[in-house]
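We count residues from 1, following the sequence as given. Treat the numbers as computed from the prediction; the structure is a model and nothing was measured. Note: hydrogens, waters and symmetry copies are ignored here, and every other heavy atom, side chains too, is used.
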Amino acid sequence: MPNIHLQGIHLNIDGIKDFITDDEMKSMEKEVFKAHDKLANKNGKGKDMLGWMDLPSNRDEDEILRIKECAKRIRNQSDVFVVIGIGGSYLGARAIIDLFSDNFSNLVSYSKRKHPQIIFAGNNLSGKYLRNLIEYLEDKDFSINVISKSGKTLEPAVAFRTLRLVLEQKYGVRGASDRIYVTTDKEKGILHDIAVKNEYETFVIPDNVGGRYSVLTPVGLLPMAVANIEIEDVLDGAQFASYLYNEKSIETNDCYIYALVRNILYRKGIDIELLASYEPSFKYFIEWYKQLFGESEGKDGKGIFPAGVNFTTDLHSMGQLIQDGRRNMFETVINVVKDRSFITLPELEEDEDLLNYLAGEDIDYINKQAFMGTVEAHVEGGVPNMILNIDDINEYNVGQLIVFFEKACAISGYILGVNPFNQPGVENYKTNMMKLLRKEK
């Protein structure tokens, strides 16, 4: 097992000490341990959907090799790679790709980018979005990866049918089949049958892994590999975290401490969590977190509402509410300790904007002061704060970050008393939508 010094994620709970006592923490130890045992023994609610726990260590090396080979082929044949999926079928991949991408990577030339533009589709039913995408792809070589366990989810199904036809018109049926990659069920479903009939390259979503927990399956690994992310390093970090966060302790297991704090605050009526970051590249990681916790905990009339903010931007829109509004929220801030931008504020001969007192300072230093000042202000204003420090944005640490939130979500859901692995409420809107479309479910 990897050395403990490889740990890249560290939780700081100093900002909750005015709101939670040590006795309150200790009083819930048995509930945490009970949740731990349900996962370890695989005998809790949703026990058939715990395959995500084994993904980092029980990896299929042949499949990883095939993913990397397909990614190389996609990079060689395509200017654009379109990932078609919704919810867990795209949010995890997009979250990780954004963390490793230049903020403007889709706008620079291929020679500088070194991989195709990665565009996401099938996550809405907007005709404008789809029309704009088709027009954009008109003069470009592209490939698609459609991701759906059943193939029946309307948003990706509509996008796939449309873009598949565009591919066939552009390259012919046989040529299109060489540019279509399908990630779906192993044996059944509409999309599986289409892939088999047309001999598309196919990857499997394991039966015992739900969509929101699927980022470390081919659902996330293929798009990541196309983006030149070292997927084996991500899995190595995830494997280490699986070991690290399996310790049955509320003193040293940061993952369990986080889950415990969330539930103590919830029982005090503080039922909104704001996941915050001071780096814009975490935007879609926050979206992934929102789905992970929203679908996992929001049921049976219960649930901590997961929301997200990007600071300092949202301090100029949401800051007033957070500082002085109703005291029903807490914050978890993801802080990147090591910044690699290395850009400093220049000095002007004439200090026209009165910023020369900051001349020569790294922009990240200025950002960090905003972060620390905001945490202090919010805690003083009655908003509990936790800080999740990630030492550096690299594949190994990001693998740890994924497992931290997945494991914490499962533990937190069991403490809350719900099944963290189903989503019965999601089907209601689909049923009504299909009725309106005059089609039986």
Original post:
Counting heavy atoms not belonging to K68, are there more than 12 under 6.0 Å from its NZ?
Top reply: no
**OP:** Apply the test side-chain hydrogen bond (donor to acceptor under 3.5 Å, both in side chains) to residues T183 and N145: give CA-CA distance (whole Å), side-chain angles for both, the deciding distance (0.1 Å), then the verdict.
**Re:** CA-CA 7 Å; T183 309; N145 174 208; 3.2 Å; yes
Subject >> Residue list, side chain to side chain donor-acceptor pair (under 3.5 Å) with Y90, at least two apart or on another chain >> reply: none
**OP:** Please test Y256 against K407 for side-chain hydrogen bond (donor to acceptor under 3.5 Å, both in side chains), starting from the C-alpha separation and ending with a verdict.
**Re:** CA-CA 8 Å; Y256 288 6; K407 185 73 177 288; 3.2 Å; yes
**OP:** Check step by step if side-chain hydrogen bond (donor to acceptor under 3.5 Å, both in side chains) holds for N263 and S412.
**Re:** CA-CA 7 Å; N263 279 274; S412 183; 2.9 Å; yes
**OP:** Please say whether more than 12 non-hydrogen atoms of neighbouring residues, nucleotides or ligands are located less than 6.0 Å from OH in Y365.
**Re:** no
Original post:
Angle class for the Y213/F421 ring planes (parallel below 30°, perpendicular above 60°, tilted otherwise)?
Top reply: tilted
Subject >> K248, NZ: over 12 other non-hydrogen atoms inside 6.0 angstrom >> reply: yes
Subject >> Over 12 foreign heavy atoms within 6.0 Å of CE, M25 >> reply: yes
Quick one: side chains of residues 156-167, donor-acceptor pairs under 3.5 Å with protein atoms, not counting sequence neighbours, listed by atom name and distance.
| from | atom 1 | to | atom 2 | distance (Å) |
| --- | --- | --- | --- | --- |
| T162 | OG1 | V158 | O | 2.8 |
| R164 | NE | Y200 | OH | 3.1 |

**OP:** Might you work through the side-chain hydrogen bond (donor to acceptor under 3.5 Å, both in side chains) test for N389 and N335, ending with a clear yes or no?
**Re:** CA-CA 5 Å; N389 292 303; N335 173 49; 2.8 Å; yes
Original post:
When the ring planes of Y289 and F293 are compared, do they come out parallel, tilted or perpendicular, using 30° and 60° as the limits?
Top reply: tilted
Original post:
Does the side-chain contact (heavy atoms from CB on, under 4.5 Å) test come out yes or no for I390 and I9, once each step is laid out?
Top reply: CA-CA 5 Å; I390 178 169; I9 310 295; 3.6 Å; yes
**OP:** Give the intermediate values and the outcome of side-chain contact (heavy atoms from CB on, under 4.5 Å) for residues N208 and D48.
**Re:** CA-CA 6 Å; N208 59 356; D48 296 330; 5.9 Å; no
Original post:
More than 12 heavy atoms of other residues, nucleotides or ligands under 6.0 Å from CD of E61: is that the case?
Top reply: yes
Subject >> Face-on cation placement of K38 at Y414 ring, 6.0 Å and 45° thresholds >> reply: yes
Subject >> Criterion side-chain contact (heavy atoms from CB on, under 4.5 Å) against M224, the qualifying member of V226, N228, L222, L221 >> reply: L221
**OP:** Ignoring hydrogens and angles, tell me if any N or O in the side chain of N41 forms a donor-acceptor pair with the backbone of N43 under 3.5 Å.
**Re:** no
**OP:** May I ask you to decide if the ring planes of F81 and Y181 are parallel, tilted or perpendicular, using 30° and 60° as cut-offs?
**Re:** perpendicular
Subject >> Expected output: side-chain N310 to main-chain E279 donor-acceptor under 3.5 Å >> reply: yes
**OP:** Would you verify whether the NZ or CZ of R174 falls within 45 degrees of the ring axis of Y171 while also being under 6.0 Å from that six-membered ring's centre?
**Re:** no
Subject >> salt bridge (Lys or Arg N to Asp or Glu O under 4.0 Å) pairs, two or more places apart, involving residues 77-105 >> reply: none
Original post:
Would D185 and D207 count as a side-chain contact (heavy atoms from CB on, under 4.5 Å) if you check the C-alpha gap in whole Å, the side-chain angles of each, and the deciding distance to 0.1 Å?
Top reply: CA-CA 7 Å; D185 189 88; D207 288 337; 2.9 Å; yes
Subject >> Within 6.0 angstrom of K170 NZ, more than 12 heavy atoms from elsewhere >> reply: yes
